[in-house]
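Scope of the values below: all heavy atoms of this structure, side chains included, with no hydrogens, waters or symmetry mates. We count ligands from 1, going down the list as the structure has it; atoms in each ligand are counted the same way.
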Amino acid sequence: PTCTRPADYQCATPATRPELPPTILVGDSGVGKTSLLVQFDQGKFIPGSFSATVGIGFTNKVIAVDNVNIKLQIWDTAGQERFRSVTHAYYRDAHALLLLYDITSKSSFDNIRAWLTEIHEYAESDVVIMLLGNKADMSSDRAIRRDEGERLAREYSVPFMETSAKTGVNVDLAFTAVAKELKHRAVQHPNQPKFQIHDYIEAQREKSGCCSYF
Ligand SMILES: Nc1nc2c(ncn2[C@@H]2O[C@H](COP(=O)(O)OP(=O)(O)OP(=O)(O)O)[C@@H](O)[C@H]2O)c(=O)[nH]1
């Protein structure tokens with residue numbers, strides 16, 4: 001494109017790399033928010049190292065979205081109840097929310113409704129929400145079936161996938177889908193078709209041979 005506006009997403013150079021508005025990770029303590037972010041950012045998983053997040057952590061990662069490098073800002077919140085008032089303060093500025101439960105923990109799944117109530121109370125009404133069932137590698141300890149996650153997501157009209165911070169399955173896809181949605185919202189032209197996050201996720205799944213989660 002002709003770059004009359006260097007800061008435009010279409011015209012980005014490394015020097016003018018545009019930044020997407022923040023994405024925030026939320027969910028009960030121990031569901032794997034920090035691990036998911038470490039897997040996405042550094043491509044690694046450190047087993048057995050559970051140190052609960054205190055307050056909030058910030059990570060920036062540059063990824064290619066539609067062949068343009070874009071900086072994604074991710075805020076990792078503490079799941080523990082005692083940090084709730086700190087994390088609420090950040091909801092308002094978040095444009096996207098990855099809401100996690102642990103597929104081996106029924107309580108973390110049951111709490112999703114309470115998280116969504118909280119999100120609707122504190123976040124902007126048009127925030128992008130994606131539901132993630134994490135620890136998908138732990139199939140022998142599974143407490144929540146995939147279709148239960150899918151049903152809950154359908155009820156709230158949010159996209160859903162199972163992820164594993166350990167094996168990395170669907171980790172890039174989750175963050176990339178959200179980044180694409182945020183970018184498309186930022187550069188939406190009136191006569192361009194609207195980006196459909198559900199369709200994008202399905203298409204990527206089919207491309208990768210689909211349906212094997214592990
Ligand atoms: N097998 C497996 N273990 C995981 C996965 N994700 C996280 N874990 C483990 O679960 C524990 C908790 O992970 P964290 O990433 O610290 O959880 P968190 O949601 O950030 O917790 P808070 O910071 O307290 O909110 C750690 O022992 C991780 O190694 C996963 O996908 N598979």
Side-chain angles (χ1 to χ4, degrees), residues 22-61 72-91 93-94 96-119 122-123 129-146 148-150 152-153 158-178 201 204-205 208 211-214:
T23 295
I24 191 166
L25 294 169
V26 289
D28 279 7
S29 179
V31 296
K33 299 178 294 296
T34 303
S35 304
L36 195 83
L37 183 52
V38 168
Q39 178 60 255
F40 174 60
D41 187 32
Q42 301 168 34
K44 65 180 186 196
F45 175 73
I46 305 151
S49 62
F50 181 27
S51 71
T53 302
V54 174
I56 190 153
F58 304 90
T59 299
N60 287 328
K61 176 150 173 99
L72 190 57
Q73 304 176 62
I74 307 143
W75 298 348
D76 176 22
T77 65
Q80 288 179 10
E81 189 74 44
R82 64 199 170 105
F83 297 115
R84 226 33 80 76
S85 58
V86 181
T87 56
H88 284 163
Y90 290 91
Y91 279 35
D93 293 323
L97 256 144
L98 293 178
L99 174 58
L100 277 76
Y101 66 89
D102 166 356
I103 66 146
T104 72
S105 158
K106 186 169 181 323
S107 61
S108 74
F109 181 72
D110 291 343
N111 284 338
I112 290 294
R113 288 180 192 279
W115 281 108
L116 284 162
T117 305
E118 211 163 85
I119 289 163
Y122 293 98
I129 303 171
M130 184 181 294
L131 180 65
L132 301 178
N134 190 41
K135 307 197 188 181
D137 58 284
M138 297 181 73
S139 49
S140 54
D141 295 320
R142 181 187 278 278
I144 304 298
R145 294 189 316 271
R146 181 145 66 96
E148 293 176 276
E150 277 167 351
L152 183 65
V158 297
F160 167 75
M161 64 182 86
E162 289 193 342
T163 55
S164 168
K166 184 175 179 179
T167 66
V169 76
N170 283 341
V171 175
D172 278 3
L173 178 56
F175 284 97
T176 310
V178 161
I201 292 167
Q204 295 305 306
R205 271 190 191 146
S208 67
C211 300
S212 168
Y213 274 83
F214 310 104

Taking only heavy atoms of [X] into account, list the atoms of ligand 1 that are under 4.0 Å away from them.
X      : value
Met138 : 1 (N), 2 (C)
Ala52  : 23 (O), 24 (O)
Gly79  : 22 (P), 25 (O)
Lys166 : 1 (N), 30 (C), 31 (O), 32 (N)
Asn134 : 5 (C), 6 (N), 31 (O)
Asp137 : 1 (N), 2 (C), 30 (C), 31 (O), 32 (N)
Asp28  : 19 (O)
Thr34  : 15 (O), 20 (O)

Parallel, tilted or perpendicular: rings of Tyr91 and Tyr122 (30°, 60°)
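Perpendicular.
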Can you label the angle between the Tyr101 ring and the Phe160 ring as parallel, tilted or perpendicular, going by 30° and 60°?
parallel
Lys61 to Phe40, cation-pi by 6.0 Å centre distance and 45° axis angle
yes
Using a 3.5 Å cut-off on N or O atoms only, is [X] in polar contact with ligand 1?
X     : value
Asp76 : no
Ala78 : no
Gly30 : yes
Ser51 : no

Nearest-0.5 Å distance, [atom1] of residue [X] to [atom2] of residue [Y]:
X      : Y      : atom1 : atom2 : result
Arg142 : Glu148 : CZ    : CD    : 9.0 Å
Asn134 : Lys166 : CG    : NZ    : 12.0 Å
Asn111 : Ser105 : CG    : OG    : 8.0 Å
Leu131 : Glu162 : CG    : CD    : 9.5 Å

Where the closest heavy atom to atom 8 (N) of ligand 1 is concerned, which of Lys135, Gln39, Glu162, Lys33 has it?
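Of the listed residues, Lys135 has the closest heavy atom.
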Donor on one side chain, acceptor on other, Asp102 and Ser108, under 3.5 Å:
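Side-chain D/A pair, Asp102 to Ser108: absent.
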Qualifying residue, where the test is side chain to side chain donor-acceptor pair (under 3.5 Å) with Asp76 and the options are Thr34, Thr23, Thr87
Thr34
